[in-house]
**Student:** 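Here's a structure for you.
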Amino acid sequence: MSNVTSGQLWVDGKITGSNLIVPGDTFKGHVYSSVIVQSGGDWEADATIASGGSIVISQGGTVSGATVLNGGSITSYNSTSGKLAFTWGTSGGTLELKSGAVDHAETPKAGNATILVDSGATLSSAILQSGNTLQVSGGGRLFGATVNTGATVILSSGSTASSLALSGGTVDAYTLPKFVTGHFTSGKLILESGVSDGGYNQPNSGITIEVKSGALLSNSTMLGASDITLVQSGGTASGIKLDNYGNLAVAAGGKASGTTVGSNGYFALAGSAVSTTITQAGKLEIASGGIATSNTVTSGQVSVDAGGTLNSATVQGSSLNANGQSVPGVIVSGGGTMSSVTVQDWANLRVSAGGSAVNTVVNSRGGLSLAGSATGTTVNTSGVMNVTSGGAADNTTITAGGEAYVGSAGTLGNTTVASTGIVSIDSGGVLSGQLTLQDGGSATLWNNAGGVVDLQGDTNGGLVISGLTSGGTVSTVISGFNGSAAGNSDSIELAGLKSADVASVTYPSADQVALALTNGSTVTLNIPGVESHGFTVSDGKNGWLDYEVCFLSGSMIQTPHGEVAVETLGLGDEVIAYVDGLPQSRRVVWAGKSHATVRPHLAEDEAGYPVRILENAISQGVPYKDMLITAEHCLFFYGRFVPARMLVNGVSIFYDTSITSYDYYHVETEEHSVLRADGMLTESYLDTGNRSAFRQAGSVVGLGAGRRDWTTDAAVPLCIERAFVEPLFHSLVARAAAASGQEGPVTLSEQTMDPDLHLVTQTGAVVRPVYHKAAQYRFMLPPGVTSVRIVSRASRPTDTVGPFVDDRRMLGVAIASVQLITADQTQSITTHLQADKPAGWYATDTSHAWTDGNASLPLPALAKKAMSMLCLEVCAAGPYRLADQAEEKTVAQSA
């Protein structure tokens, strides 16, 4: 049965027909705009629902055959599956499923077609095309919809959605949709306020997830270059993983936590992020306003743009960009800021001009390149900081083994350098603050660097100043220089200068020392209080040696008025000299003071250690207290002077290696004299050409008698012959043994007579002897040999025999005749016996010559493929200290 009421057609029976139009057709004389199919009604007419027309299906009604056009609508209250069947028109329309309605496989084809799923209604298996909209109200249910490109699904709060297939369309979620893995191919997911969702781990899905204010996306993985997560202001992303070029963008006001940027993933940050991990060429870019805190970078990269901030990060491993090129682990651009960042093994940080870094820690094998500013940097063992042009570092700490290098136009402010730490400032670099150099640390700078260097400790020799070969004034103030007492002195190395280049030393003021050079220029150093310390230039780290004749401070010199300390003597004072054993008064015509710094890499007798002669070592009361003198200072025995070094026995006379820096003094009398110091007869100063290395106290200059010679001017002869010194040495050893209960001096180290003689060709090939008997050694040489090096063990006779042997040459073997035998002839080689010898041979006027353990020997040219034999006559060899051989082997191999 059918009725028309107020323009509505009520159907409770069966309606059939064709080409009906709603609205527009009439029934029982009435035009109707809507059709209401009641329970029991069955609309089977081929009707068109046009704009403004509608069909309402009540509970139990059925509809089939209708076509819904744009502006037309179907509203269903029908809960029985299969009761709703219609066709979408070419331009859309609306289907609204009311509470209790259940529909399957509704597929709107036309643009702008809309499906509304109200509370209590269910839609399943819908396929949405471009322009289609599906809106699910709170309490509505959606299952298995496919959202194609251009289609939109709006999931209101309280709705339920599952098994959606997102294929280019858009899902705007106000609720928590449950997407089934494998149904994402592309499209956009919008999470609205209040939505907390996660678990999107579709590989290569090409999906974009937009997280709006108040929404949370967690534990999702973006696995492709087209996978993008956009976190808007007020939105939050947690536990996001970016892999295989996946992307995450956090806008200003947005937040991210626990993000992992893997395999070439990209994280753009304008909001805030905590606990971000960047690995495997992944990249975090911090834009203006962005702040990243508690970050871990392992072979990834962080770029800090202007206005961006990187806080509290650990960076390790070498980093690569998407093209496989090596890049710094962190790059701070101009206007960007980095703070509390620690760089570990093989990682590098770069702060560009205008960028800043605060409290950076550079650990082992890490690096910091600085063209901007850095404050509070710590460089630990094997870490390196490079301050390039325009860069500035302040409040820097270089710990043991750390290194810092400042290039031209770079600036280093307040800095502390620990023992074994290194700082180097190139020409044009600036020291703007104080560099505190601890004992054992190293600082190299140019003369115009400026600033202050504070030398810590009493034996600090780590400061090197360059750029002074043509003179100049060092603009750097050197403070903490201590040279007032033995064993408590610092030293400064002037690179490129030798002691022979210094003509004289003067003091323009109490805080300046001027070194007049032989080239006519002057080097001036600014050292507060230097005049009172005393200062001298001696060859140190460059390897030159300067043996000095001196007393150390504290030595007591006999005078007509009693004993006085040597350091108190001055011009015009009188001392007691012994002439033919009788005392007489002589006037002091010159008194000088100098400073020595031990060079511990050399042998003890050459390193500069003072010799300590124990009380009563010579005889009872001689000396009457421990006496400290330099190794070359001479003692008086039986009418002759003997250098102290030749009497060192290791028991009563020994090198005091606890003293590595000290002052020493010279006292010159009218004639060279035998003086008494500490009860021991010794010598006064004899000027043999080293007077310029000493500072004279007082304002009056006394020059003595000019340069003298030991042969003609000495008070008694200088004796270094073994025949005289060896018995004296053994008598002192016996006295020490009787006094101490020891049997003798410290024993000589283990020795051998085997020279281990072999050849090394010009190509580096080692040739061992094919024959050795007595003095004869024969070596078969391969074709093409043009020269060889004669390599053997080597030691100094003063070490292997005893200090009473005045031969400190490092001797290898003594070679007499050399013959080169070929198939055609035997040739004698005498180049080693000629006046102009090859390298590695000692001068001689005999029939043999000693090698130094690594001597060159040129050979006559032979036919290209000719074999030859080299015959050496070794007339002397050994003994050798085995302790010397490791070093000699290294020297031989590197020659």
**Student:** Distance alone, cut at 3.5 Å: any donor-acceptor contact between the side chains of Asn311 and Ser339?
**Tutor:**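 Asn311 vs Ser339: donor-acceptor pair found between side chains.
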
**Student:** Stepwise, does the side-chain contact (heavy atoms from CB on, under 4.5 Å) test hold for Leu310 with Val332?
**Tutor:** CA-CA 9 Å; Leu310 175 66; Val332 182; 5.9 Å; no

**Student:** Does the side chain of Ile74 reach to within under 4.5 Å of the side chain of Ile57, using non-hydrogen atoms?
**Tutor:**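 In short, these two side chains touch, coming nearer than 4.5 Å.
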
**Student:** If I take atom CD1 from residue Ile286 and atom NZ from residue Lys283, how far apart are they, to the nearest 0.5 angstrom?
**Tutor:**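 If we round to the nearest 0.5 Å, Ile286:CD1 and Lys283:NZ are 11.0 Å apart.
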
**Student:** Using atom types as modelled and distance alone, determine if a side-chain donor or acceptor of Ser186 lies under 3.5 Å from a backbone N or O of Gly168.
**Tutor:**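 Judged by distance alone, yes, a pair lies under 3.5 Å.
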
**Student:** Just how far is it from atom CG of Leu284 to atom CZ of Phe267, taken to the nearest 0.5 Å?
**Tutor:**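 Going from the CG atom of Leu284 to the CZ atom of Phe267 covers 6.0 Å.
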
**Student:** Calculate, to the nearest 0.5 Å, the distance between atoms CD1 and CG belonging to Ile278 and Leu242 respectively.
**Tutor:**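 Nearest 0.5 Å value for the CD1-CG distance: 10.0 Å.
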
**Student:** Short question: side chain of Ser220, backbone of Ser218 - any donor-acceptor pair under 3.5 Å?
**Tutor:**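 Pair found, side chain donor or acceptor close to backbone of Ser218.
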
**Student:** What heavy-atom pair brings Glu403 and Val379 nearest, and what distance separates the two atoms?
**Tutor:**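 Closest heavy-atom pair between Glu403 and Val379: O-CG1, 3.5 Å.
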
**Student:** Run the numbers on Ser356 and Ser373 for side-chain contact (heavy atoms from CB on, under 4.5 Å), then give the verdict.
**Tutor:** CA-CA 5 Å; Ser356 64; Ser373 63; 3.4 Å; yes

**Student:** Counting N and O atoms only, with roles assigned by atom type, does the side chain of Ser288 sit under 3.5 Å from a partner on the main chain of Gly308, one being a donor and the other an acceptor?
**Tutor:**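 No; judged by distance alone, with no hydrogens or angles, the pair does not exist.
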
**Student:** Quick check: closest heavy atoms across Val343 and Val362, and the distance to 0.1 Å?
**Tutor:**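 Minimum heavy-atom contact is CG1-CA, 3.3 Å.
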
**Student:** Look up atom CD in Gln135 and atom OH in Tyr174, then write down how far apart they are to the nearest 0.5 Å.
**Tutor:**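 If we round to the nearest 0.5 Å, Gln135:CD and Tyr174:OH are 9.0 Å apart.
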
**Student:** Is it true that a side-chain atom of Thr388 and a backbone atom of Leu370 form a donor plus acceptor pair closer than 3.5 Å?
**Tutor:**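 Yes, Thr388 side chain to Leu370 backbone: donor-acceptor pair under 3.5 Å.
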
**Student:** Could you state the interatomic distance from CG (Leu97) to OH (Tyr77), rounded to the nearest 0.5 Å?
**Tutor:**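 The OH atom of Tyr77 is 11.0 Å from CG of Leu97, to the nearest 0.5 Å.
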
**Student:** Measuring only between side-chain heavy atoms, which start at C-beta, is Asn148 closer than 4.5 Å to Ser167?
**Tutor:**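 SC-SC contact between Asn148 and Ser167 confirmed.
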
**Student:** Any side-chain to backbone donor/acceptor pair from Ser156 onto Val136? Under 3.5 Å, distance only.
**Tutor:**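 At least one qualifying donor-acceptor pair exists.
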
**Student:** Would you indicate whether the side-chain heavy atoms of Leu216 and Ser238 approach each other to under 4.5 Å?
**Tutor:**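 Side-chain contact under 4.5 Å: yes.
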
**Student:** Any chance the side chains of Thr399 and Asn380 put a donor and an acceptor closer than 3.5 Å?
**Tutor:**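 A donor-acceptor contact under 3.5 Å links the two side chains.
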
**Student:** Can you name the one residue among Leu368, Leu349, Thr378 that meets side-chain contact (heavy atoms from CB on, under 4.5 Å) with Met385?
**Tutor:**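 Passing option: Leu368.
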
**Student:** Is there a donor-acceptor pair closer than 3.5 Å between any side-chain N or O of Ser162 and the backbone N or O of Phe143?
**Tutor:**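 Not at all, since once roles are kept as given, no pair shorter than 3.5 Å links the two residues.
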
**Student:** Look up atom CG in Asp345 and atom OG1 in Thr298, then write down how far apart they are to the nearest 0.5 Å.
**Tutor:**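 So the gap between those two atoms works out to 11.5 Å.
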
**Student:** Do you know which two heavy atoms are closest between Ala237 and Val231, and how far apart they sit?
**Tutor:**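 Shortest heavy-atom contact: CB-CG2, 3.7 Å.
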
**Student:** Which pair of heavy atoms, one from Glu96 and one from Asp118, lies closest together, and at what distance?
**Tutor:**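 Taking every non-hydrogen atom into account, OE2-OD2, 2.5 Å.
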
**Student:** So, the side chain of Thr175 versus the backbone of Ser159: is there a donor-acceptor pair under 3.5 Å, distance only?
**Tutor:**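 Checked: pair present.
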
**Student:** Please step through side-chain contact (heavy atoms from CB on, under 4.5 Å) for the pair Glu192 and Asp172, ending with a clear verdict.
**Tutor:** CA-CA 7 Å; Glu192 300 286 353; Asp172 193 349; 2.4 Å; yes

**Student:** I'd like to know if the side chain of Asn264 and the backbone of Gly262 have a donor-acceptor N/O pair within less than 3.5 Å.
**Tutor:**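 Judged by distance alone, no pair lies under 3.5 Å.
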
**Student:** Minimum heavy-atom separation for Ile331 and Gln301, please, with both atom names.
**Tutor:**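 Result for this residue pair: CD1-NE2, 3.2 Å.
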
**Student:** Considering non-hydrogen atoms only, spot the tightest contact between Met222 and Ile207 and give its length.
**Tutor:**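 Minimum heavy-atom separation between Met222 and Ile207: CE-O, 3.6 Å.
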
**Student:** State, yes or no, whether a side-chain contact exists between Met338 and Val304 at a heavy-atom distance under 4.5 Å.
**Tutor:**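 Not touching, per the 4.5 Å side-chain cut-off.
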
**Student:** Under the side-chain contact (heavy atoms from CB on, under 4.5 Å) criterion, do Ser312 and Ser294 qualify, and how do the steps go?
**Tutor:** CA-CA 5 Å; Ser312 182; Ser294 298; 4.1 Å; yes

